[in-house]
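Following: one structure in structure tokens, then a few remarks.
Numbering starts at 1 and runs along the sequence shown.
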Amino acid sequence: MTDTPTPVLAPATFQRRLLDWFDEHGRHDLPWQRGRTPYRVWVSEIMLQQTQVATVIPYFERFMVRFPDVRSLAAADQDEVLHLWTGLGYYARGRNLHKAARVVVDEHGGEFPLHSLEEMAALPGIGRSTAGAIVAQSQGRRAVILDGNVKRSLSRLHAVPGWPGRPAVERRLWQLAEHYTPHERLADYTQAMMDLGATLCRRGTPECGRCPFNDVCLAHAHGEERRFPEPKPRKALPTRTTRMLLLRDASGRVLLEQRPPSGLWGGLWSLPQFDDASGLEAWLDVHAPGSELAPTWPPFTHVFSHFRLEITLQPARVKRLDSIGETRRWYDPDNPDAVGLAAPVKALLASLAPFTLDTPPGP
């Protein structure tokens, strides 16, 4: 096997086929394509990491209303940023977006360092492919991208063996992406490559009959579209357990606690968490003595990429709380604050009206 799979088409032929298809079938009116700026492209690219376009659009539009430029984003509190991010998942993206905005303002005078892909890639949460997408789409300059959609399309087109997360496989794919990237129509080309993977060369069920490369695709020629790209080697997901305290006062407000800035749900607001029932009850004895406990709710599981979290909810009614502290707050589910919430906590809080300590019906 050679280090690089032999390209199946000359660059000019590949580009012509792709752009002809894009002109007729591609997506030309996405919100971030209107009034295209480095800032708008950047926000959209971060939101689109591991999230589909249809999901991202309303989040992007709300985000632009509140944070129309990088300076307004940099000046915001993280709580407000994460509040607008709630529901998109992968919250490190939102935290890094906020961090990167502050770096751009503090270290680059409010202007993205578009002259250097290396400096762009060094901004929090960006990396090589996203930097290329921002430069290509906002400036029309030649820059190579290799997001998940492009990896999938090139892996199938060339039947590239191996999981793309392995350095050697990723290196082959970057070489192919470099080979095909043109010097003109860069904004259209990068969008076309992403559209090809998102709308035709999809995971599981690609629409090969409509693909402009179905006559030269090596995976299609052998009926092995689903083999490529090869999946990440599977490991059994470990299960962790936690107790969450649903502590409410007489008016039905819920006590929330801000998570540490990094790690699980970093920077988001959640219910106070404990390793076990004894730890939870010991905390209540110190901070909320005399609290009334109700039966625990049935455990439920929240699945992360690398583990499963089994959550047991302990409802309680507080009689007095000696001190809330700076990292805790009372939250009114009927008049919610604009704060970032961990996804399962957001869903749980939305289900709390009317105020009750009873165990909810069903699992």
Is there a side-chain contact between [X] and [Y] (heavy atoms, below 4.5 Å)?
X: L84; Y: F67; value: yes
X: L114; Y: P38; value: yes
X: P336; Y: Y331; value: yes
X: L173; Y: S155; value: yes
X: W163; Y: V169; value: no
X: V318; Y: E292; value: no
X: L348; Y: L313; value: yes
X: M244; Y: T296; value: no

Verify the neighbour count for atom [atom1] of [X]: are there more than 12 heavy atoms of other residues, nucleotides or ligands below 6.0 Å?
X: R27; atom1: CZ; result: yes
X: D275; atom1: CG; result: no
X: H28; atom1: NE2; result: yes
X: E111; atom1: CD; result: no

Are side-chain N/O atoms of [X] and [Y] paired as donor and acceptor at under 3.5 Å?
X: H220; Y: E225; answer: yes
X: Q273; Y: T242; answer: yes
X: R152; Y: N149; answer: yes

Stepwise ring pair (Phe, Tyr, Trp, His ring centres under 6.0 Å) test for F60 and W32: CA-CA 8 Å; F60 176 84; W32 42 90; 5.2 Å; yes

Show the nearest heavy-atom pair for residues [X] and [Y], with the distance to one decimal.
X: R95; Y: P261; value: NE-O, 3.4 Å
X: L73; Y: H98; value: O-CD2, 3.3 Å
X: P229; Y: P164; value: CB-CG, 3.6 Å
X: Y180; Y: P11; value: CD2-CA, 4.2 Å
X: P333; Y: G252; value: CD-O, 3.8 Å
X: C211; Y: L196; value: SG-CD1, 4.4 Å

Whether the side chain of [X] engages the backbone of [Y] through a donor-acceptor N/O pair (distance < 3.5 Å, no angle test) should be reported.
X: Q314; Y: A294; answer: yes
X: E230; Y: G162; answer: yes
X: Q258; Y: G267; answer: yes
X: S72; Y: D69; answer: yes
X: T199; Y: D195; answer: yes
X: R317; Y: L293; answer: no
X: S44; Y: V41; answer: yes
X: S129; Y: L146; answer: yes
X: H83; Y: G340; answer: no
X: N214; Y: C208; answer: yes

Rounded to the nearest 0.5 Å, what separates atom [atom1] in [X] from atom [atom2] in [Y]?
X: L255; Y: L246; atom1: CG; atom2: CG; result: 10.0 Å
X: L264; Y: L309; atom1: CG; atom2: CG; result: 6.5 Å
X: R93; Y: Q49; atom1: CZ; atom2: CD; result: 6.5 Å
X: R227; Y: H222; atom1: CZ; atom2: NE2; result: 10.0 Å
X: L200; Y: W21; atom1: CG; atom2: CH2; result: 5.0 Å
X: R329; Y: T327; atom1: CZ; atom2: OG1; result: 11.5 Å

Trace of the side chain to side chain contact (heavy atoms under 4.5 Å, CB included) decision for I46 with W85: CA-CA 11 Å; I46 300 302; W85 201 272; 3.9 Å; yes

Check for me whether [X] meets the cation-pi criterion with [Y], that is, NZ or CZ under 6.0 Å from the six-membered ring centre and within 45 degrees of the ring axis.
X: R248; Y: W330; result: no
X: R62; Y: Y59; result: yes
X: R259; Y: W269; result: no

Salt bridge flag under 4.0 Å for residues [X] and [Y]:
X: D29; Y: R34; result: yes
X: E45; Y: R40; result: no
X: E107; Y: R102; result: no

Test salt bridge (Lys or Arg N to Asp or Glu O under 4.0 Å) applied to D276 and R243, step by step: CA-CA 6 Å; D276 51 37; R243 292 248 168 177; over 6 Å; no

May I ask whether [X] and [Y] are part of the same hydrophobic cluster, defined by side-chain heavy atoms of I, L, V, M, F, W, Y residues being less than 4.5 angstrom apart, directly or through others?
X: Y90; Y: L97; result: no
X: L19; Y: L186; result: no
X: W297; Y: F300; result: yes
X: I57; Y: F63; result: yes
X: V160; Y: M193; result: yes

Side chain to side chain contact (heavy atoms under 4.5 Å, CB included) assessment of F14 paired with F213: CA-CA 8 Å; F14 182 92; F213 304 110; 3.5 Å; yes

Salt bridge (Lys or Arg N to Asp or Glu O under 4.0 Å) evaluation trace for E118 with R128: CA-CA 8 Å; E118 289 74 20; R128 181 179 175 184; over 6 Å; no

Test log, rule side chain to side chain contact (heavy atoms under 4.5 Å, CB included), inputs L268 and L341: CA-CA 5 Å; L268 296 176; L341 296 169; over 6 Å; no

Verdict with supporting geometry, E310 and R240, salt bridge (Lys or Arg N to Asp or Glu O under 4.0 Å): CA-CA 6 Å; E310 185 180 277; R240 303 179 190 173; over 6 Å; no

Mutual orientation of the aromatic rings belonging to F304 and F307 [parallel < 30°, tilted 30-60°, perpendicular > 60°]: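 Ring orientation of F304 relative to F307: parallel.
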
Trace of the salt bridge (Lys or Arg N to Asp or Glu O under 4.0 Å) decision for K151 with E170: CA-CA 8 Å; K151 287 179 180 178; E170 187 175 39; 3.5 Å; yes

